[in-house]
Amino acid sequence: MTLRTRITLLTAGLLLVTLVALGFALEGLLRSFLYRNLRSELLEASNQVVRLLNLGGQALLEAGLPPSLYAELQLLPEEDPALLAKEGGISLQRSPALGQGRLLLGEAEYRTLLEKGEVWAQVALPREGAPLRLLVYARKVEVNLSGAVWKGALLVGKPTEGLEATLSQFARIYAGTALLVLLLSLLLARSLVARALEPLEWVARKAEAMPERPEPLPEPEGKDEVAALVRALNGMLSRMQKAFEDQTRFLQDASHELRTPLTAILGHVGYLLRRTPLTEAQRESLEIVRREAERMGKLVSDLLDLSQSGAWRIRPVPLRVRDLLEEVREEFAKSFDGEILVEAPEGLHVLGDPDRLHQVLANLVSNALKAGARRVWLKAFDLGDKAVVRVEDDGEGIPEEHLPHLFERFYRVDKARDRERGGSGLGLAIVKAILEAHGGEIWVESEVGKGTAFSFSLPASGPPPPPR
């Protein structure tokens, strides 16, 4: 997942959490406001009825309760909450809005009413379809009927359907608005993040386009964080460049300096072996000296090649792949008792330096012979814009754990055996450097006891122009 996507998703997540929390908070505030107003209305209606009761209960019974109010006046002859919840008090008066219904509280509400003198409750009136839900305020009152004082309860209620509908409509409107805001914020966040990360992507593209030798990045204008990052990278690259140049210079100087004494050693050893009488022990010692000097000479030569890999002058020309493979086959066929087979399309051409590509193939075939191969296949395949060359053998194979490290410098699968075979551990590193200089790549497949296959790709080319 890219950084742009992560930042966008994080922003969207934070905004979503904020919108959800804000929605719940607003819904809670609106619910509290509406129900507080409803409670105020019920208290006011209850107070008006109580004022009429104080003027005389008989007058209220004659006038009746307000028709638009869900209200009921109950006498409480028995202060038994269970009985009251089951049958209710004696209904002295009901508003016409109740119809045949009764405002009956639950046992717990009646108990609270009897103990504290008032209570709030939710009551459901039977109705076709869904029951009608009311918020009811009940309070104890005293009714003077024909000179006798009766203790009763006044229940005043109002439907909550309108409030709940308002809250539902608010939730729908808010959800739609929040979704629209979230989508617009996602688009805006993605655009802003893309614009903010564009300088970093520019730095990444410049770094990817950098050649093997480190070079400074072009510094953008301004003094923002990206410019500071580029300046820091350039400082690091300049130190890397200096270290790279020092390493290259050391390898070149050391290689040149070592060649002279090695040549002298080999010359004197050869003279002693040819021109002087030696005992068997002396001859054996001189042979060891010559073999080790030759191995060191090859190592020095490989080091020199590797140190110059960044400065190689590759002269790519159109090459017929089959001719290149046949040339390598003829070179090794003279000293190889096994069989080297060539399979390549006649018209397949690549763009490359003939000497360097010959060096690549020679190194791979030489490795196959050192691995005990009795048969080597040199194959080529046409893949359109590139060609793949494959060097297969039936040698001893390479264990799987060594395959990722084969192209590292000085890496040997079996150090003791490679030392006896004269390997320096640099051959495959040089092969990889040559192919990368051509714009190609190399990979390896192997199975112990069955053989190894090295494959590399090269840019395809048309045939060379005919000579004039």
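Scope of the values below: all heavy atoms of this structure, side chains included, with no hydrogens, waters or symmetry mates. For reference, positions follow the sequence shown, starting with 1.
- Here the side chains of Trp377 and Leu325 are not in contact, with every heavy-atom distance at 4.5 Å or above.
- Here the closest non-hydrogen pair linking Pro316 and Leu351 is CB-CG, 3.9 Å.
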- [ ] Could you give me the CA-CA distance, side-chain angles and deciding distance for Leu103 and Leu134, then say whether side-chain contact (heavy atoms from CB on, under 4.5 Å) is met?
- [x] CA-CA 9 Å; Leu103 291 180; Leu134 307 174; 3.7 Å; yes

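- To the nearest 0.5 Å, atoms CD (Gln122) and CZ (Arg133) are separated by 8.0 Å.
- Using cut-offs of 30° and 60° for the angle between ring planes, the Phe407 and Phe454 rings count as perpendicular.
- Two residues are said to be in side-chain contact when any heavy atoms from C-beta on lie closer than 4.5 Å; Leu378 and Val391 meet this criterion.
- Ion pairing between Glu445 and Arg390 holds under the 4.0 Å rule for side-chain N and carboxylate O.
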- [ ] Check step by step if side-chain contact (heavy atoms from CB on, under 4.5 Å) holds for Asn367 and Leu428.
- [x] CA-CA 9 Å; Asn367 285 347; Leu428 291 177; 3.7 Å; yes

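- For the residue pair Leu19 and Tyr174, the shortest heavy atom distance occurs at O-OH, 2.6 Å.
- Heavy-atom contacts from other residues, nucleotides or ligands closer than 6.0 Å to NZ of Lys386 number 12 or fewer.
- The closest donor-acceptor contact from the side chain of His405 to the backbone of Leu403 lies at 3.5 Å or more, if one exists at all.
- Counting only N and O atoms by type, the side chains of Gln359 and Arg356 include a donor and acceptor under 3.5 Å apart.
- For the pair Leu105/Thr112, no side-chain contact is recorded, criterion being any heavy-atom separation below 4.5 Å from C-beta on.
- Partner of Ser185 under the side-chain contact (heavy atoms from CB on, under 4.5 Å) criterion, out of Leu14, Leu15, Thr11, Thr8: Leu15 alone.
- Across every non-hydrogen atom of Gln282 and Pro277, the tightest pair is OE1-O, 4.4 Å.
- A salt bridge links Glu164 to Arg31: at least one charged side-chain nitrogen sits closer than 4.0 Å to a carboxylate oxygen.
- When side chains are defined from C-beta on, Leu42 counts as touching Trp120, because their heavy atoms get closer than 4.5 Å.
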Open item on the list: Between Leu188 and Leu192, does the side-chain contact (heavy atoms from CB on, under 4.5 Å) criterion hold? Intermediate values first, please.
Closed with: CA-CA 6 Å; Leu188 181 61; Leu192 292 177; 3.9 Å; yes

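- Summarising the local packing, CD of Glu343 is surrounded by more than 12 heavy atoms from other residues, nucleotides or ligands at distances under 6.0 Å.
- The shortest non-hydrogen separation linking Ser461 to Pro318 is OG-CB, 3.6 Å.
- Other residues, nucleotides and ligands place no more than 12 heavy atoms under 6.0 Å from the CD atom of Gln169.
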- [ ] Evaluate the salt bridge (Lys or Arg N to Asp or Glu O under 4.0 Å) criterion for residues Glu287 and Arg283: first the C-alpha distance (whole Å), next the side-chain angles of each, then the deciding distance (0.1 Å), finally the verdict.
- [x] CA-CA 6 Å; Glu287 289 289 350; Arg283 182 173 296 278; 5.1 Å; no

Task: Residues Phe456, Val431; criterion side-chain contact (heavy atoms from CB on, under 4.5 Å); working and verdict - done: CA-CA 10 Å; Phe456 60 88; Val431 165; over 6 Å; no

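- In this structure, Leu69 and Gly157 approach most closely via the heavy-atom pair CD1-O, 4.2 Å.
- Between Val321 and Ala380, the shortest heavy-atom contact is CG1-CB, 3.6 Å.
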